[in-house]
Amino acid sequence: MGQIKVLDQNMINMIAAGEVIERPASVIKELMENSIDAGATKITVAIEDGGRKSISITDDGCGMDAEDLAQAFEPHTTSKIKTSADLSRISTLGFRGEALASIASVAQVKAVSRTKNAVGANCMEIDCESKSSVGPCSGDYGTTIQVRDLFYKLPARRKFLRTANTEMTHITEHFIRIALGSYFAVNPTAVLPADPPASSRKGFDLTLIHNGREIHRLLADQTLNQRITELFSSELAENLIETEANERGIHIFGLFGRPDTSRTSGKFQYVFLNGRFIRDKFISHAIKEAYRGLIEQNRFPIIFLFIEMPYKDYDVNVHPTKIEVRFYNANLVHSQILGCLREKLLSTDLQPHAQLPIVAVPRTHHDRPTGTHRSQEITDAMAEFFKKHRPTDRQELSQVSTTKPFKAPSATSAQTMAQQRTDTTVATGPVEKKIMQIHDSYIVQQIQDGFIIIDQHALHERILYEALCRRIKQNKLESQRLLIPDSFELTDTQQNIIDTNRPLIEKLGIELAPFGPKTYAVQAFPILLSRATPADFVRDLIDLLDDKGTELSAEELLDEVLKMAACKAAIKAGQRLSNAEIEQLLEDRKHTERASQCPHGRPTAIKFTLSDLEKQFKRT
Ligand code: ADP
Ligand code: MG
């Protein structure tokens, strides 16, 4: 009796903070959203020690006067909604009135703000709830909020903060979402006419600084493509297909990747609703449907999708972090997106771009050559390269000039096959032991009491996986230096992932080295994976590490990586094999453990006995 008590306000705020403020990145998200809602055109985010030490956000927005400043950090205070009717037409990013109060309940905060027509700024300091009074200070138009020592009075919470690199990865992700979303945060009151065209709209000036180093500087007048180049890479930005539709009250603008650029996770799917980054299962499903038959089931296309529709047609008051929304007509949203994407995908030439030889010329993303200019550059660079690195024998040279820049020496079945591929003709007809390849995907082999049909990809995947497990248990994988380093662009976050996972990458026998601004090159690559393209492989590896790196144990992670490696380096379905390759595959099958199943548990072979056949033909 008498056990139930009303919590004091500080406790209430701390509990609310648990929902909204999970880590430094959540502070950045909430404060940047406030700056955008305040009409800022320029926002600077400066972080120290992954946000654990300090986070400071400066904007040139409308600012607050002394009275509002004193009020803003109180719980449930907002200038964005007034009546319940406002709740059903929210046009701002914030509206719950709890971010500032939550942040101030778990950190030391200093806020300086000045409205456009005020003579001076006002300042207030808060230390986990205990507030100073508001007093005048010097300061520009707009608002600066500095948050120090997040969770310092909550050791249990602070313990959950990860390394500065990891926290920075989360912060950068939120920065990217806001940087892309704010491109379209233009407060539509109804569906916007696409005027000016969506792709040429203007963004905000946004800067992200970590420990004094500028990570991103995005200018308001850059195009969306330039912004994507800056945030990700020119490789990614250049290969996007554009589409736009404006029907039935929904305006859609999308930039999406060709099927051959799909990724192993949905991380590169950015969906914005009236400038707000959201995750929505109907939209994810529509995207997946649009690519049906064009990519494998477990791959995810790259997409930047900007949806604009009247505020009254959905509800954002679903989740404290406002990442989910409820559409009143989800089917319509689904069908409009599916239709818009599918139509464009079907009317676009989706042939994968022929892979040009990979050349050792570091380049910046400002002067990336295109078209014929690029081929000339490549030819020149090749000539230059060979002048400097004269191959030791003719054979190496001819390997380079024919197809792939990298071919491994014979060491295992995979390599033996890779080498023999050129010396035998195609094996579509029966060979001595009554074996044949059908549809370039299956191998049919006569056995004593019938025949078996082997799935060439699944079997080779198992063979490689077992070989990889065996080798890696003994030592690191044996690698081969690439004659021509395979270079690719990386974001800061991806570079962090490489740094964090160095030991694992080395164990795989992959050697990576910086190769110019934001560019890395694969210098050496495991012999066992010689069928995979080094840069592609590393990109998928980074995605996987990013996706699973923190949730799996080191051992489980290595296993996931080896499975992926086996899958990527295995013979594909649809690949014609020589007699020698088929025989090698069957030979390896005999010596491989668990050869009946691929590493994902699917069968590699199906057996038909003579008695099965006799029954079918009604001979018995
Ligand atoms: P919400 O954004 O949901 O309204 P917050 O706690 O984030 O709640 O902010 C409370 C109020 O403080 C806002 O409604 C706004 O009036 C004011 N405010 C916060 N940040 C800024 C800013 N950067 N510039 C101007 N006003 C701000
Ligand atoms: Mg807010």
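We number each residue from 1, following the sequence as shown. First listed ligand is number 1; within each ligand, the first listed atom is number 1. The figures here come from the full heavy-atom set of this structure, side chains too, leaving out hydrogens, waters and symmetry mates.
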Item to complete: Kindly confirm whether the Mg ion (ligand 2) is within less than 2.8 Å of some N/O/S atom in N34?
Response: yes

Worksheet item: For atom 15 (C) of ligand 1, which protein heavy atom lies nearest, and how many Å away is it?
Response: S79 OG, 3.5 Å

Worksheet item: What is the nearest protein non-hydrogen atom to atom 12 (O) of ligand 1, stated with its residue, atom name and distance?
Response: A72 CB, 3.5 Å

Worksheet item: Against heavy atoms of T78, which atoms of ligand 1 measure under 4.0 Å?
Response: 1 (P), 4 (O), 14 (O)

Worksheet item: Backbone, side chain, both or neither: what part of D59 comes under 4.0 angstrom of ligand 1, heavy atoms only?
Response: side chain

Discussion item. One residue to check: T143. Relative to ligand 1, which of side chain, backbone, both or neither has a non-hydrogen atom less than 4.0 Å away?
Written reply: side chain

Discussion item. I want to know if ligand 1 touches C62 in the polar sense, i.e. an N/O pair below 3.5 angstrom.
Written reply: no

Worksheet entry | Identity and separation of the nearest protein heavy atom to atom 21 (C) of ligand 1 | M64 CE, 3.8 Å

Worksheet entry | Which residue and heavy atom of the protein sit nearest atom 6 (O) of ligand 1, plus the separation | L100 N, 2.9 Å

Item to complete: Looking only at protein heavy atoms, identify the closest one to atom 10 (C) of ligand 1 and say how far it is in Å.
Response: T77 O, 3.4 Å

Worksheet item: After noting the C-alpha distance and the side-chain angles of E167 and R23, does the key distance pass the salt bridge (Lys or Arg N to Asp or Glu O under 4.0 Å) rule?
Response: CA-CA 8 Å; E167 293 303 337; R23 59 189 341 146; 3.0 Å; yes

Discussion item. Using heavy atoms and a 4.0 Å limit, tell me yes or no: is G97 in contact with ligand 1?
Written reply: yes

Fill in: Heavy atom of the protein closest to atom 7 (O) of ligand 1 (residue, atom name, distance)
N34 ND2, 2.8 Å

Worksheet item: Can you say whether the rings of F306 and F253 are parallel (under 30°), tilted (30 to 60°) or perpendicular (over 60°)?
Response: tilted

Discussion item. Below 4.0 Å from ligand 1: does a non-hydrogen atom of K80 turn up there or not?
Written reply: yes

Worksheet item: Which one holds for R96 and ligand 1: side chain close, backbone close, both close, or neither close, with close meaning a heavy atom under 4.0 Å?
Response: backbone

Worksheet item: So does E173 pair up with K267, basic N to acidic O under 4.0 Å?
Response: yes

Fill in: Proximal atoms of ligand 1 relative to G94 (non-hydrogen, under 4.0 Å)
2 (O), 3 (O)

Discussion item. Quick test: of every protein heavy atom, which one is nearest to atom 25 (C) of ligand 1, and how far off is it to 0.1 Å?
Written reply: A38 CB, 3.6 Å

Discussion item. With salt bridge (Lys or Arg N to Asp or Glu O under 4.0 Å) as the criterion, how do R263 and D546 come out once you've worked through the C-alpha distance, each side chain's angles and the decisive distance to 0.1 Å?
Written reply: CA-CA 12 Å; R263 314 291 288 229; D546 187 16; over 6 Å; no

Item to complete: Answer yes when K131 and E74 have at least one side-chain N-carboxylate O distance shorter than 4.0 Å, and no when they do not.
Response: yes

Practice prompt. With salt bridge (Lys or Arg N to Asp or Glu O under 4.0 Å) as the test, would you mind laying out the steps for E30 and K322 before giving the verdict?
Written response: CA-CA 10 Å; E30 293 295 335; K322 302 158 287 181; 3.5 Å; yes

Item to complete: Check whether any side-chain N or O of T519 sits under 3.5 Å from a backbone N or O of P517 as a donor-acceptor pair, and report yes or no.
Response: yes

Fill in: Test item: side-chain donor near acceptor, N274 and S91, under 3.5 Å
no

Worksheet entry | Check ion pair R227-E230 (N to O, under 4.0 angstrom) | no

Fill in: F272 vs F277, ring pair (Phe, Tyr, Trp, His ring centres under 6.0 Å): CA-CA, chis, key distance, verdict
CA-CA 4 Å; F272 302 92; F277 176 87; 5.8 Å; yes

Worksheet, complete the sentence: Quick look: A99 vs ligand 1, heavy-atom contacts under 4.0 Å, and the answer is both

